[in-house]
Structure formats: structure tokens, C-alpha cells
**Student:** 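Okay, handing you the structure first.
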Amino acid sequence: MSEVNYKAFSYDLRKNVVDMIMSGNGGHIGGDMSVIDILITLTGICSS
């Protein structure tokens with residue numbers, strides 16, 4: 001199984017969220033960023 005670069009993956013997810021929020025003319029991204037942090041952390045722990 002290949003090793004995942006979680007930092008790059010997290011960056012890509014965050015960029016996608018910001019792009020979606022901006023295309024929708026606004027919104028609150030705080031919760032979205034927190035969920036990304038949690039999921040990346042859990043994924044890293046579970047795959048170790």
C-alpha cells in the first residue's frame with residue numbers, strides 16, 4: 001500500500017472547501033476546517 005502525504009491531502013481538501021464556499025457567494029468555513037483536521041488525524045492514526 002502506498003504512503004499518503006496527509007499534509008498535501010489536507011491542503012487540497014481545504015482548497016476545495018474554500019473554492020466551494022467562494023463559488024456559493026459566502027459561508028462559514030470554520031466548521032469545515034475543523035472536520036478536515038479531525039478526519040485527517042483519525043485517518044493517520046487508523047492507518048498506522
Side-chain angles (χ1 to χ4, degrees):
M1 185 184 288
S2 65
E3 188 172 320
V4 177
N5 183 345
Y6 292 109
K7 187 172 184 178
F9 185 58
S10 176
Y11 176 82
D12 290 340
L13 288 174
R14 291 171 186 276
K15 186 177 181 310
N16 288 341
V17 166
V18 171
D19 290 344
M20 286 187 282
I21 296 293
M22 294 303 293
S23 70
N25 295 324
H28 180 69
I29 62 172
D32 300 330
M33 298 301 165
S34 294
V35 168
I36 290 172
D37 285 340
I38 293 167
L39 292 176
I40 290 295
T41 301
L42 290 174
T43 302
I45 290 169
C46 291
S47 65
S48 296

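Note that the numbering runs from 1 along the sequence shown for the chain.
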**Student:** Side chains of Val18 and Met33: does their closest heavy-atom pair fall under 4.5 Å?
**Tutor:**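 Heavy-atom side-chain distance check passes, below 4.5 Å.
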
**Student:** Please tell me whether Val35 and Met20 are part of a single hydrophobic cluster in this structure, the criterion being side-chain heavy atoms less than 4.5 Å apart.
**Tutor:** no

**Student:** First locate atom NZ of Lys7, then atom CD1 of Ile40, and finally report the distance between them rounded to the nearest 0.5 Å.
**Tutor:** 13.0 Å

**Student:** Can you find a heavy atom in the side chain of Asp19 that is under 4.5 Å from one in the side chain of Lys15?
**Tutor:**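 Result yes, sub-4.5 Å side-chain heavy-atom pair found.
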
**Student:** Any chance you could lay out the side chain to side chain contact (heavy atoms under 4.5 Å, CB included) test for Leu39 and Leu13, step after step, and finish with the verdict?
**Tutor:** CA-CA 11 Å; Leu39 292 176; Leu13 288 174; over 6 Å; no

**Student:** Tell me whether Ser10 contacts the main-chain N or O of Tyr6 through its side chain, where contact means a donor paired with an acceptor under 3.5 Å.
**Tutor:**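 Side chain of Ser10 to backbone of Tyr6, a donor-acceptor pair under 3.5 Å: no, none is there.
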
**Student:** Indicate if Ile21 and Ile36 have the same hydrophobic cluster label, given that clusters are the connected sets of ILVMFWY residues with side-chain heavy-atom separations under 4.5 angstrom.
**Tutor:** yes

**Student:** Drop me the distance from Asp32's CG to Asp37's CG, to the nearest 0.5 angstrom.
**Tutor:**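 The CG atom of Asp32 sits 11.0 Å away from the CG atom of Asp37.
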
